[in-house]
Amino acid sequence: MGALESMPEEDVVEQFQEGPTMFENWGPTQINNLHSLYIAENHDFGITCTEFTVLLASAIPEGKVAGHRLIKTFDCEASNMVDVLEVLCGLVVSSETSSIDWKISKIFDLFDFDKTDQITYDELFICMFSCLRSMVRVVGKGIEPEDSDVEKIADEIFLKADREPTLPIKKSEFVGWVHSEVNFGQKKGQLKKITLPQLMLKFDVIEEDDAKDLEQDRLLKIASKPAKVKKKDRKKSHHAGHRKDSKKVEGIVSVSG
């Protein structure tokens with residue numbers, strides 16, 4: 001679901017402003033805006049590409065150009081229909097400005113339709129299916145999940161929660177399962193180190209070689225990014241430059257006098 005901890009809010013805003021058409025730069029604010037408007041307008045699960053374009057432009061005006069890329073990504077069969085919940089799952093798992101804990105919580109919330117902090121077996125199935133398929137579509141590589149594979153995951157989650165499939169599971173139980181089963185042996189609280197290719201490999205929706213290629217691409221992308229100067233450092237640099245300029249002016253005035 002991503003490898004970053006929560007970024008400071010000012011850094012999230014700055015990264016979004018630098019590349020609003022890159023949906024990987026979108027964080028909780030943009031994703032929550034889209035989700036909230038989708039619910040408020042009472043859309044079906046699937047809407048036309050035109051309807052999605054209007055919805056996106058209303059929810060995230062600065063990022064509406066990204067709609068073309070999102071449609072291309074999630075309307076693979078060119079059916080002129082987009083599953084909005086699947087798109088939202090893709091935005092969550094690919095977000096480079098959101099913490100892993102927020103992502104786990106948000107994925108659950110997307111399918112908690114009656115907002116009770118509980119979801120049924122069927123809702124959990126749709127949740128896991130949408131989430132896994134969105135990963136494959138976002139990265140452009142992998143194997144779309146089969147119903148039987150997702151049923152095994154849902155069964156495992158309910159078994160871990162010691163819950164019959166006829167009863168809902170709580171959000172805390174879902175989060176607990178993720179922490180216990182998808183942590184690659186890491187200590188509690190270290191899920192932030194899990195990358196999207198690793199997560200896809202965990203759920204068998206990508207081949208190992210493809211996962212390695214994606215991980216290598218991710219590391220190269222990080223290495224190629226210019227180092228960012230923190231705002232405090234920029235202020236210090238600005239003040240230092242201002243002081244130097246002031247001294248120059250004082251020197252000129254002194255010589256002239």
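Since this is a predicted model, take the numbers as computed values, not measurements.
Within the model, atoms OG1 of Thr195 and CE of Met200 stand 10.5 Å from one another, a figure rounded to the nearest 0.5 Å. The distance from the NZ atom of Lys152 to the CG atom of Asp147 is 12.5 Å, given to the nearest 0.5 Å. The CD1 atom of Ile206 sits 11.5 Å away from atom CD of Gln198, with the distance rounded to the nearest 0.5 Å. In this structure, OH in Tyr121 is found 12.0 Å from CD in Glu164, a value given to the nearest 0.5 Å. The line from CD of Glu215 to CG of Leu201 is 10.5 Å long, rounded to the nearest 0.5 Å. Atom CD of Glu144 and atom OG of Ser134 lie 10.5 Å apart (nearest 0.5 Å).
In this structure, Ile169 and Ala161 approach most closely via the heavy-atom pair CG2-CB, 4.3 Å. Minimum heavy-atom separation, Pro197 to Ala211: CB-O, 3.6 Å. Shown here for Pro145 and Val150, the closest heavy-atom pair between the two residues is CB-CG2, 3.8 Å. Residue Trp26 comes nearest to Ala66 through the heavy atom pair CZ2-CB, 3.7 Å, listed as atom of the first residue, atom of the second, then distance.
Considering only heavy atoms from C-beta on, Ile153 comes within 4.5 Å of Trp177 through its side chain. Residues Phe52 and Leu56 have side chains in contact (heavy-atom distance under 4.5 Å, counting atoms from C-beta outward). Between Leu55 and Ile47 the shortest side-chain heavy-atom distance falls below 4.5 Å. Residues Glu62 and Gln30 have side chains not in contact (no heavy-atom distance under 4.5 Å, counting atoms from C-beta outward). Annotation: side chain of Cys89 is in contact with side chain of Phe111 (closest heavy-atom distance under 4.5 Å). Side-chain atoms of Asn33 and Leu37, non-hydrogen and from C-beta on, never get closer than 4.5 Å to each other. Residues Ser180 and Lys160 are in side-chain contact: their nearest non-hydrogen atoms beyond the backbone lie under 4.5 Å apart. Side-chain contact between Leu91 and Leu70 is present, with heavy atoms from C-beta onward closer than 4.5 Å.
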Inset, instruction - For Asp204 and Asp149, run side-chain contact (heavy atoms from CB on, under 4.5 Å): C-alpha distance rounded to whole Å, both residues' side-chain angles, the deciding distance at 0.1 Å, then the answer. - result: CA-CA 9 Å; Asp204 296 320; Asp149 296 327; over 6 Å; no

Inset, instruction - Kindly determine whether Asp112 and Gln118 satisfy side-chain contact (heavy atoms from CB on, under 4.5 Å), including the steps that lead there. - result: CA-CA 6 Å; Asp112 178 13; Gln118 299 182 117; 5.5 Å; no

Inset, instruction - Check step by step if side-chain contact (heavy atoms from CB on, under 4.5 Å) holds for Val175 and Phe108. - result: CA-CA 8 Å; Val175 172; Phe108 185 94; 5.9 Å; no

Legend entry - Pair Met135-Leu196, side-chain contact (heavy atoms from CB on, under 4.5 Å): steps then yes or no: CA-CA 8 Å; Met135 294 180 191; Leu196 186 53; 3.8 Å; yes

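For Glu156, the CD atom sits in a packed shell: over 12 heavy atoms of surrounding residues, nucleotides or ligands are nearer than 6.0 Å. Heavy-atom contacts from other residues, nucleotides or ligands closer than 6.0 Å to NZ of Lys141 number more than 12. Crowding of Glu207 atom CD: a count of heavy atoms from other residues, nucleotides or ligands under 6.0 Å not exceeding 12. Atom CG of Asp114 sits in a crowded spot, with more than 12 heavy atoms from other residues, nucleotides or ligands closer than 6.0 Å. More than 12 heavy atoms of other shown residues, nucleotides or ligands fall within 6.0 angstrom of atom NZ in Lys171.
A donor-acceptor pair under 3.5 Å is formed between the side chain of Arg163 and the backbone N or O of Pro168. In this structure, Asp75 contributes its side chain and Ile71 its backbone to no donor-acceptor pair below 3.5 Å. Not a single donor-acceptor pair under 3.5 Å links the side chain of Asp44 to the backbone N or O of Gly46. One N or O on the side chain of Lys115 and one on the backbone of Asp109 form a donor-acceptor pair closer than 3.5 Å.
Residues Glu77 and Arg137 are paired through a salt bridge, judged by an N-O separation under 4.0 Å between the basic side chain and the carboxylate. In this structure, Glu24 pairs ionically with Arg69, as a charged nitrogen and a carboxylate oxygen lie closer than 4.0 Å.
Side-chain heavy atoms closer than 4.5 Å link hydrophobic residues (I, L, V, M, F, W, Y) into clusters, and following such links, possibly through other members, connects Val92 to Phe113. Cluster annotation: Leu214 and Ile143 are assigned to distinct hydrophobic clusters (Ile/Leu/Val/Met/Phe/Trp/Tyr, side-chain heavy-atom contacts under 4.5 Å, transitive). The hydrophobic clustering, which links ILVMFWY residues whose side-chain heavy atoms are closer than 4.5 Å, places Phe174 and Phe203 together. Hydrophobic clustering of Ile, Leu, Val, Met, Phe, Trp and Tyr side chains at less than 4.5 Å, counting indirect connections, unites Ile39 with Phe45. Under a hydrophobic-cluster definition in which Ile, Leu, Val, Met, Phe, Trp and Tyr are linked whenever side-chain heavy atoms come within less than 4.5 Å, directly or via other members, Met81 and Phe74 are assigned to different clusters.
A donor-acceptor contact closer than 3.5 angstrom is absent between the side chains of Asp101 and Ser105.
Residues satisfying the side chain to side chain donor-acceptor pair (under 3.5 Å) criterion with Tyr38, sequence neighbours excluded, are absent altogether.
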Give the table of side-chain donor-acceptor pairs shorter than 3.5 Å for residues 123-132, with sequence neighbours excluded, one pair per line with atom names and distance.
residue, atom, partner, partner atom, Å
Glu123, OE1, Thr120, N, 2.9
Ser130, OG, Ile126, O, 2.8

